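To start, the structure under review is shown below, and the notes come after it.
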Amino acid sequence: SESFGSAVSADLNRETDFKVFGDGTQMDLVRDASGKLIFVLFRNEAFTFHPRIRDGGLILLPPQIHGSLSEAICFPMTIGENHSARELLDQIDDVLCCYLDFESYDRKLLAYFALYSWVSDFSAIAPYLWVVGPHASGKTTVLRLLSAMCRRSVLAADISAAALYTLTHSVHPTLLIDEFELGNDARSRDLQRLLRSGSTRGERVVRASRAYDVFGPKVIASRRGPSDPALDSRGLQVIARPASRAVAIRTPNALLQIERQLQPKLLAFRLNNYLRLLQVNPHPTMGSCLTSRVRDIFRALIFPVIGDIDLERELLAIVAPHDSAARIDRYSEPESAVMIALLRHTHVRGPGAPTSVTAKQLAESVNYVLKECGESYRLIPRKVGEIVRALGLRTRKLGSLG
């Protein structure tokens, strides 16, 4: 084992999955030939492997997780050659093009997301990727390919709320969930809350006197996108379509070869660029033309390619259509409907123009706006009044008028 810092008399064991020491040495997790998790130390472009690391009075150990769960998480077995972000994006796109009949911009978005997952701990926002499509449209193929490319990926056909926060807290994986359908039951609502929390750094989930970190990138495949607008705004959607041309057959051996080919290179990219990217902050005007949520997603995805102007522009062009869709979706939200109705009332001019609007009158206008947008739900006056006050507008009683 390697030793850092001064030794003290009493050693304490501490599980950890990544660390940067004072001299710039980086410690990450890999899998040895027997399948066990061990540490790789990366220093001055050289690396060594260790089952444990001494750091002063601490003995650093790999996370102690169940064997079956450890086997389900993808870890590289070594560090490969260092490649540029552009070279890695091209290699990932070549693999995706071989197995998927997707539009170029959708493939490139998948490639940017896969590369981003290796430096996701730099950003304040963890974007989600929704792979949406009907039965037999290739959603599972997308997830299996991404599981061979993303950092510490774990592909789950089903997951409980408890598993989500304990797994994410212990190894900070890229979580891929297949056939994810939310209902109206308590379990679905709990998962929904956890997913909303997991996209923002610093938010903790408190369970049984422990605080869990659920932050991290996630890929979710479902037949429909999320019905919750707050959850929908935390990610981008890729539409899966059945192949209209001959594509390579996805076999377990082919996926293993992709994993062994790309994972060591992607780990090398992370370790060779970590300290440099740690000092980088996106320029304040970067993506300023986008709406706030999509701009945050863009600034997260752009981290691995910051400095390459052509790749930055390419990513902006890929994200821009998603921003247009987000702007349209906002019109059907209750807050937007209330604002549109308020504007219509305040623009009535001339003799007899109203000097006040009751919540009941406003609710009628809001429901007309919702009907225009094709929405089936309606708002009662009390709910409209709550939204008006939440928007920062003051209301007052009008006696018997309301």
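Computed from a predicted model, the values in this text were never measured in an experiment.
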Under 3.5 Å donor-acceptor, E87 side chain and S84 backbone: yes
Atom pair CG/CD1 of D32 and I38 - distance to nearest 0.5 Å: 5.0 Å
Heavy atoms of other groups near R14 CZ, more than 12 under 6.0 Å: no
Minimal non-hydrogen separation, G24 against L275, with atom names: O-CD1, 3.8 Å
Check ion pair R270-D28 (N to O, under 4.0 angstrom): yes
Side-chain ion pair, R389 and E335, N-O less than 4.0 Å: no
Sub-4.5 Å side-chain heavy-atom contact between L175 and I159: yes
Over-ring placement of K265 relative to F269, 6.0 Å and 45° cut-offs: no
Within the 6.0 Å centroid threshold, strictly below: Y105 and Y112: no
Shortest non-hydrogen separation from A268 to G80 and the atoms involved: CB-O, 3.3 Å
Heavy atoms of other groups near I249 CD1, more than 12 under 6.0 Å: no
R107 charged N/C atom sitting above F102 aromatic ring, 6.0 Å / 45°: no
Q263 side-chain N/O to C150 backbone N/O, donor-acceptor pair under 3.5 Å: yes
E103 bridged to R241 by N-O distance under 4.0 Å: no
Expected output: side-chain R201 to main-chain S123 donor-acceptor under 3.5 Å: yes
R378 side chain near K371 side chain, heavy-atom distance below 4.5 Å: yes
Any side-chain heavy-atom pair of N273 and V119 under 4.5 Å: no
Any donor-acceptor N or O pair under 3.5 Å, side chains T48, H50: yes
Side chain to side chain contact (heavy atoms under 4.5 Å, CB included) assessment of Y212 paired with R204: CA-CA 5 Å; Y212 295 91; R204 296 291 192 271; over 6 Å; no
Donor-acceptor contact present, side-chain T251 to main-chain A254, <3.5 Å: yes
More than 12 heavy atoms from other groups under 6.0 Å of CZ on R245: yes
Test side chain to side chain donor-acceptor pair (under 3.5 Å) applied to R151 and S117, step by step: CA-CA 6 Å; R151 182 175 187 249; S117 71; over 6 Å; no
N-O pairing of D296 and R293 below 4.0 Å: no
Any donor-acceptor N or O pair under 3.5 Å, side chains D17, H172: yes
Least distance between heavy atoms, L129 atom then L110 atom: CD2-CD2, 3.4 Å
Heavy atoms from other residues, nucleotides or ligands near CD of E81 exceed 12 (cutoff 6.0 Å): no
Sub-4.5 Å side-chain heavy-atom contact between L231 and Y128: yes
L301 and P127, any side-chain heavy atoms less than 4.5 Å apart: yes
Whether over 12 other heavy atoms sit under 6.0 Å from Q64 CD: yes
E203 side chain to T200 backbone, donor-acceptor under 3.5 Å: no
Side-chain (T168) to main-chain (L164) donor-acceptor, under 3.5 angstrom: yes
Audit row: R344, E372, salt bridge (Lys or Arg N to Asp or Glu O under 4.0 Å) steps and yes/no: CA-CA 14 Å; R344 289 180 178 179; E372 286 182 315; 3.0 Å; yes
Pairwise side-chain contact, P334 with Y377, heavy-atom cut-off 4.5 Å (strictly under): yes
Electrostatic pair E314-K108, nearest N-O below 4.0 angstrom: yes
Candidates L60, I53, L29 - the one meeting side chain to side chain contact (heavy atoms under 4.5 Å, CB included) with T16: L60
Side-chain donor/acceptor of H169 to backbone N/O of Y165, under 3.5 Å: no
Close side-chain approach of V30 and T78, heavy atoms under 4.5 Å: no
L290 side chain near F298 side chain, heavy-atom distance below 4.5 Å: yes
T25 side-chain N/O to F21 backbone N/O, donor-acceptor pair under 3.5 Å: no
Salt bridge flag under 4.0 Å for residues R86 and D308: yes
Nearest heavy atoms of W130 and S222, plus distance in Å: CE3-OG, 4.4 Å
Electrostatic pair R43-D23, nearest N-O below 4.0 angstrom: yes
Within 6.0 Å of CZ in R313, more than 12 heavy atoms from elsewhere: no
Pair F122 and Y274, ring centroids less than 6.0 Å apart: yes
